[in-house]
*Asks:* 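This is the structure I have questions about; it appears just below.
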Amino acid sequence: MAKIEKVLLVDDEDDIRTIGQLSLSRVGGWKTVLASSGAEALEKAGLEGPDLILLDVMMPGMDGPTTFGRLRAQPATANTPIIFMTAKVQKQEVARYLELGAVGVIGKPFDPMTLPQEIRRLVP
């Protein structure tokens, strides 16, 4: 099982970041780093070296899949497990994100009480 100590949560919505941070830190027991955009995610991922990245799909400017590609191109995050978060969890969408190389997809809105459990299930 991969050891998760630090999670980078990337979402452009303030409330998702707030609820996500509470869930990841209080329920999951992980140090949580927040980013509100793809550009900020790239910067913080390089500085912080998270063990896992939770990445929103729909963001203004650089969307999740584009950010994913850029994270994979950075040596620091080339192999970091990434889970997409999206309100659109249709089979073909999920398949596309898994093809990109994501370890999983979590639907939004997520349940803050079970989010860490869901993450542990996706990151063996």
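We use all heavy atoms of the structure for the numbers below, so side chains are in, but hydrogens, waters and symmetry mates are not.
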*Asks:* Excluding sequence neighbours, so at least two apart, what forms side-chain contact (heavy atoms from CB on, under 4.5 Å) with Thr18?
*Replies:* none
*Asks:* Suppose we screen for side-chain contact (heavy atoms from CB on, under 4.5 Å). Which residues come up paired with Ala39, at least two apart in sequence or across chains?
*Replies:* Ser37, Met62
*Asks:* Does Trp30 reach the side chain of Glu5, with side-chain heavy atoms less than 4.5 Å apart?
*Replies:* no
*Asks:* Which pairs pass ring pair (Phe, Tyr, Trp, His ring centres under 6.0 Å) with one or both residues in residues 50-69, sequence neighbours excluded?
*Replies:* Phe68-Phe84
*Asks:* Who passes side chain to side chain donor-acceptor pair (under 3.5 Å) against Thr114, sequence neighbours left out?
*Replies:* none
*Asks:* Could you note down all residue pairs passing side-chain hydrogen bond (donor to acceptor under 3.5 Å, both in side chains) where residues 49-62 supplies at least one of them, sequence neighbours left out?
*Replies:* Asp56-Lys108
*Asks:* Please list every donor-acceptor pair under 3.5 Å in which a side-chain atom of residues 99-107 meets a protein atom from a residue at least two apart or in another chain.
*Replies:*
none

*Asks:* Taking side chain to side chain donor-acceptor pair (under 3.5 Å) as the test, write out the residues that go with Asp111, two or more places apart.
*Replies:* none
*Asks:* Name all residues meeting the salt bridge (charged side-chain N to carboxylate O under 4.0 Å, His left out) criterion together with Lys6; count only those two or more places apart in sequence or in a different chain, and write none if there are none.
*Replies:* Glu48
*Asks:* Please list, chain by chain and in numerical order, all residues satisfying side-chain contact (heavy atoms from CB on, under 4.5 Å) with Gln90, sequence neighbours excluded.
*Replies:* Lys88, Gln92, Glu93
*Asks:* Which residues pass the side chain to side chain donor-acceptor pair (under 3.5 Å) test with Asp14, sequence neighbours left out?
*Replies:* Arg17
*Asks:* Please table the atom pairs, donor to acceptor, closer than 3.5 Å between any side-chain atom in residues 76-83 and protein atoms at least two apart or in another chain.
*Replies:*
| unit_1 | atom_1 | unit_2 | atom_2 | d |
| --- | --- | --- | --- | --- |
| Thr77 | OG1 | Leu71 | O | 2.5 |
| Thr77 | OG1 | Gln74 | NE2 | 3.4 |

*Asks:* Partners of Glu40 by side chain to side chain donor-acceptor pair (under 3.5 Å), sequence neighbours excluded?
*Replies:* Ser36, Lys44
